[in-house]
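Since the structure comes first, as structure tokens, the remarks are kept for the end.
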Amino acid sequence: MYEKKHLAAIGVILFAIMLVFCSGCIGAAETNQDAVVKIATPNEITEASYFGNYNFAQMTRVTTPPLVQVDENGDYTGALAESWTVSSDGKTWTFTLDSDYQWSDGTPLTAEDVTFSLEYTAEKIATSPAWMKNATISTSGNTIIISLAEPVYRLCGDLVTINIIPKHIWQSIDTPEEYISNGPYVGSSAYYVKSVDINSATLILAANPEWKGEAPYYGTIEIHWFATEDAAISAMLGGECDTYWKYGAAFPTTSVALLEASDKFTAVQTPSLKMSYVGFNTITSEVGRNLAFRKAVGYALNYDELVEISASGYGVSANSGFIPNGVPYYKNTTANTYNVETAKTMLDAAGYKDVNGDGIREDTHGDVLTVTLLTRDKVTGELIKEYLEKVGLNVDYKFTSDINAWVEVKEAHAYDIAYNTITAKGMMMDSGWATGYFADNTVGTGKLQNVDDPAFLELCAKISTTPEGDNLKSLISELQDYYAGQVPGIALYWCTDVTPINTEIDGWYISKATGIYNEINLLSIHPAD
Amino acid sequence: MNLLEVADLSVSFPGPSGRIPAVRNISLSLAPGECLAIVGESGCGKSVIAQAVMRLLPEGTEVLGDMYYHGQNLTHLSESEMKQIRGEEIAMVFQSPERALNPVIKIGRQLIQPQVLHKLCNAKDAELRAKGVLQSLGLDADWVMNAYPWMCSGGMCQRIVFAAVSLLHPYVVIADEPTKGLDAERIGELETMLSSITSSGKTSLLLITHDMEVAAHLADRILVMYCGMIVEEGAAALLLAAPKHPYTRGLLNSLPKNGFVPIPGMSPALTALPDGCVFHPRCPIADEECRKSIPQLRNGVRCHKC
Amino acid sequence: MKFDRRYILPLLLIAVLLIAAVFPGVFAPYEAAERDATYQAPSAEHLLGTDNMGKDIFSLLIYGARWTLIIGFSSGILAIIMGTAIGLLAGWRKGIPDEFLMGTTDIVLILPKIPLVIILAAYLGPSPWVLILVLGLLSWESIARVVRSKVIQIRSSNYILAARCLGFSDAKIMVREILPIVFPVIVPKFVLVTAAAMISEASLAFLGLSDPMMVSWGGMISDAFTYSGFLRGMWYWWLPPALCIILGVLAITSLAFIHERGVREVVQL
Amino acid sequence: MNKAVSRKIIRYSVCLLIVVLLVFFLPRCMPGDPVQCLVGEDVYVTQEILDTLTIKLGLDKPLYEQFGIYIRGLLTGDLGYSYTRHQTVADLIWSRVPWTLLLTGVAMIIGYAFGILAGTWSGWMSETKRSKVLTAFGVVVSCIPPYLLGLIFFSVFVYQLGWFPYKGFYETPDLFSVAYHMALPILTLALFVFVRNLIIMRGSVLTEKNQLYPQFAKSLGIPRNKIIYGHVLKNAILPIVTHFAIDFGFILSGALFIEIIFSLNGLGRVMYTAILNLDYPVLSGLFLVIAIMVICANLAADILYGIIDPRVKRGEEE
């Protein structure tokens, strides 16, 4: 008996390894319909609306996968698409569908569904990427050809967020954002959404009977959402849930100590694509436009303490080139250093002197130099405020408790310095390499978009239209030099992701973009022997 | 045998500096069909006697002495046994009948409930009996039964309270200051009702009042109290015709028909009683002896000079 | 009037809080912004440990008294001024002010205060002043009522009549003769409003509707809740401010209770 | 209908009018673009939607016409549209109201029943040690803000002891599961209601105890329990009914906080999410609905008062 189990486990592990390297290959394991994995999350679904609720959309992505997804290294790998090619001019993208994916209600998944999904998203969803509106999409058998008006090389970055949905269900729904249903939702991957119940705060995924790929071990995946991160973590530690997941975020670093105290969980640390930074308003702010000022601020920030306090030690001081070590085309630029005296000297040199000797600097007109600091993180915001005050700046502290109020101030350019974080997904978006957070010609809520320098925007445009290769490499090197030289923002630290691993389950696969809640992981996890 | 016998009753209340004596060494008896009036100024402790007999005094009150009803010692009865005595055997008519009735319960229910609880009859009969009594008291029974006390006049409430008591056929009725604050007409009406209690010869009335005239009209015997003590007792006719104690004389002199002559001075506070005879500061004939020693009750009067 | 011994304990407690609020620097071992290692357990150095930013919790507790009490007392004072003025006017003048008072009573009573504060704070931005204004402006009605009835009761009394006959002006009579008499009845109302405002402040801080730069007890509890103080079992982080709120409110309300004898009024959230 | 009730109704109507005016004027008097204030701060809506909204709400017309449009909308149940949640505010609120009312209602029934009984007992036996302990407990608990009470209960009974579930109204939609999930939130709220009523009732009974009618009832041989719970309680309960006016608003607010702490998806969480997103239409609608609920509850209390106390004019004297 024992041996049998053992063999099965080895088989599953072997399969998982195989799956990692070649998704879509056929194994022999079977789904245990009674087995359940429970995931705790602080991401609340407030409406059972596939398009209307952001969190719900994130949680259903594994059941209606996009064409491509992000793997554990941050590279793109196939999801619904088995493979894809791009023409050398960057205008024609061809995707071949993986035949494993079939709709859970028995309807075959066709290229027609993909076309419908892309067009439907472009038409109905306000925040869809601009290229979609002008793209021509054609199909042939199980291939989809996207023809673009302008070359787009970072297309995959956008495609990872566009779910491929069943045409026969959605074509009759005219206002997708208002459509509410408690399920089931037809899915195409190994799982489909069986039900969502906002009263019990539970989303239930069930194994897709039509799935042609390797069968997952768990027949049911339950996602339970809680009022706070703490409640979710304590539910996990208390054994109510098997693991923890939060969209766009790793395990809260302040609670990692608890994981280490628990014998059921271990904390796995992985370098993250996430980071935090301060950006300057280089568009309308007088000090923000002053390079000397920006450089001086770079010396005023205590990077070590920021890692220690705002990341609870789970982070690494960044360098001025901004892009985290581990991201393709990383460049070793000068490291950020903390030196109050240098900062003061540089501010003096920039003309911001404390003339009247009251400890606060005056601007070039002789008025008190007031710097507006925008933040939505209480802890980091307070630290930065303190650092700025230490070098003699008068800080007007604008704390907004939520993203929307933050966005309002940001859009109005009513700040000089703003604190912000870059998500793993955000790092890849737009022209990639965090450019979307700076370029003022992008759309999106969480980005500062604080640079309108034509040189920068041109560089971004070039990057997005350059295929991978040496050309791109030199452009990205140039980009990092721009960050280091022009200082549109200062990287505070690169995050280290912590993922709680339940030692009773094996086969964990942690994606760079979505953590453990990804299609590959759901297929590979199985009970540990 | 006497219906009610109170022997050597003393009652004291807890005060901020020691106990306050309200009633001291009172003894009295009540024969069937008899009306005994306890007379005295406000605060002399006469109402305390009534509450002591009914055992209605608040917790913390010290009650010494014995009270016998039909030879049964009331002081030793449990609360549930006492509950049987109250209303059915000994009942009480309070002053200000408007306040004695529950304002938010219909009068009918207030008349029916006690009868049912004492198992005198079932609810249906109780209603009929209540209506009968109300009618005999000259009230519109159907209206009253469905009315609330606040809808009734003082006079009506008085009759209703009387009805509530008489419906239980008690053997002793204690009327506590029934005439306080009433006008002459209502006093007359009340006297008629009270005198009807003793008319059968079975029920006794313990009348507690400050009003000598009411006592004169109703009582067979009169007991005069001053500062928690009996100062004089005797048959009503005799006592009224020839009062012995100077206080009794003073009370009679203060009646309007006797010239409205008030007793000089005020009753002392119970916490600061004078030495000797408690009445001596107000007594016209007091002497050295009165100031020093407390007189004993002899031949129905407590006075050194009589 | 004899001094009631039961006043001693609550008054002492309030005095301690007041002193802490006025001179926090004297008692707090550290400055409010001073930092050390984060998430420390209580030690001789940090009596109640340190919070997520490494701030000394004991010092924060002392600094927190200030805003909590300012909000409480300012609302109380505002309500007192409104209530006394309207009550005096209504009781003295009868007529329109009186009608107005009786008419607005139900309305002011019914308006759900917490949701109102929330909607105002959402529109106007989180600020202690919104809280003070709303709580102060919506809590005057019970004060106005007692003042009014007291004024009606005494306005016909002899010495007031005498004062009027002597030709004193209304204003003078009010200030000289009536205010001292209504004063005892408004004191308990004042403390009840104060207590209610302290509770409301703590509740709003929990919703994130208080100024983040303002150290208050409600804010500390909210921080402990947000930065996993509960999860880490750091009771010394959230329990002391919670106790401070409870004891502060208790001390203040018990003044009213003792004053009113019958425990009739309840603290109003 | 008698005069007192009609007078109350007039006052309630004025109250409702004030609430409506507040909700109407707040977004329109804020600095900046009223459309943005009506939509909520920074949700992504296209200019096209903003333009249709301006026309629909008549924002280009004078205020009185806007008010007319607004009132017509209200009368047809239109509370606005939440662009952050892609739902009409009315749908959003009505779908959550039953749960909040369930929480509030059950907690109030428990809290009121036990509070009244215990308060009566405690008032009648006010000299006993047990009554004093209970009263002290009541006063202390009444000084704890309801959200803190919820936090403490959550921390002790859920975090530490694990006796109750972490979230949700149920696991599976059946009675047992709902009861298990709602037990702790209801108990928390009920405790809050309980102590308030305990204190009011105790004071009220203390006053009634010294009246003559309980003495008279006792002298008629009516047993103590019948006097306390039959006679005294009926009189002493009147201040509870009077206090209901203030209390219902507080209890409802308390329920909102408790929902937030216990992850119950009722009006409280709707409010919390709306605060986080500065979703003005939802906040305004919620305020309006809560005000209407409070007014209805007060109307009910007035009618109840008339039933318990036939002298309705006594309420006027108070």
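These values consider heavy atoms only, across backbone and side chains, with no hydrogens, waters or symmetry-generated copies. Lettering of chains follows the sequences in order, A, B, ..., and the numbering in each one begins at 1.
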Rounded to the nearest 0.5 Å, what's the gap from [atom1] on [X] to [atom2] on [Y]? Could you check?
X: A:Asn199; Y: D:Asn265; atom1: CG; atom2: CG; value: 6.5 Å
X: A:His224; Y: D:Ser263; atom1: NE2; atom2: OG; value: 12.5 Å
X: A:Thr46; Y: D:His86; atom1: OG1; atom2: NE2; value: 9.5 Å

Checklist entry - For the candidates A:Thr228, A:Ile180, A:Asp197, which exhibits the highest count of non-hydrogen atom pairs separated by less than 4.5 Å from chain D? => result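 When all of A:Thr228, A:Ile180, A:Asp197 are compared, A:Asp197 has the most.
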
Checklist outcome for this item: Most contact-rich option vs chain D, by heavy-atom pairs under 4.5 angstrom, among A:Ala201, A:Ala232, A:Ala227, A:Ala231, is A:Ala227

Checklist entry - Does atom NZ of A:Lys194 have more than 12 heavy-atom neighbours, drawn from other residues, nucleotides or ligands, at distances under 6.0 Å? => result no

Item to check | D:Leu175, CG atom: more than 12 neighbouring heavy atoms under 6.0 Å | outcome: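 Incorrect, the count does not exceed 12.
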
Checklist entry - Would A:Glu44 and D:Lys167 count as a side chain to side chain contact (heavy atoms under 4.5 Å, CB included) if you check the C-alpha gap in whole Å, the side-chain angles of each, and the deciding distance to 0.1 Å? => result CA-CA 11 Å; A:Glu44 187 188 10; D:Lys167 52 125 182 146; over 6 Å; no

Checklist entry - Is there a side-chain contact between A:Asn53 and D:Gln87 (heavy atoms, below 4.5 Å)? => result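 The answer is no, as the side chains (C-beta and beyond) never meet within the 4.5 Å cut-off.
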
Checklist entry - Is there a side-chain contact between D:Tyr166 and A:Ser234, using heavy atoms and a 4.5 Å cut-off? => result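 The answer is yes, as the side chains (C-beta and beyond) meet within the 4.5 Å cut-off.
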
Next on the checklist: Which atoms of D:Leu92 are under 4.5 Å from chain A, going by heavy atoms: the side chain, the backbone, both sets, or neither?
Outcome noted: side chain

Checklist entry - Where does A:Ile204 contact chain D at under 4.5 Å (heavy atoms): side chain, backbone, both or neither? => result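 Neither; nothing under 4.5 Å.
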
Next on the checklist: Under a plain distance cut-off of 3.5 Å, with no hydrogens placed, do D:Tyr81 and A:Glu178 share a side-chain donor-acceptor pair?
Outcome noted: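 Distance-only check passes for A:Glu178 and D:Tyr81.
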
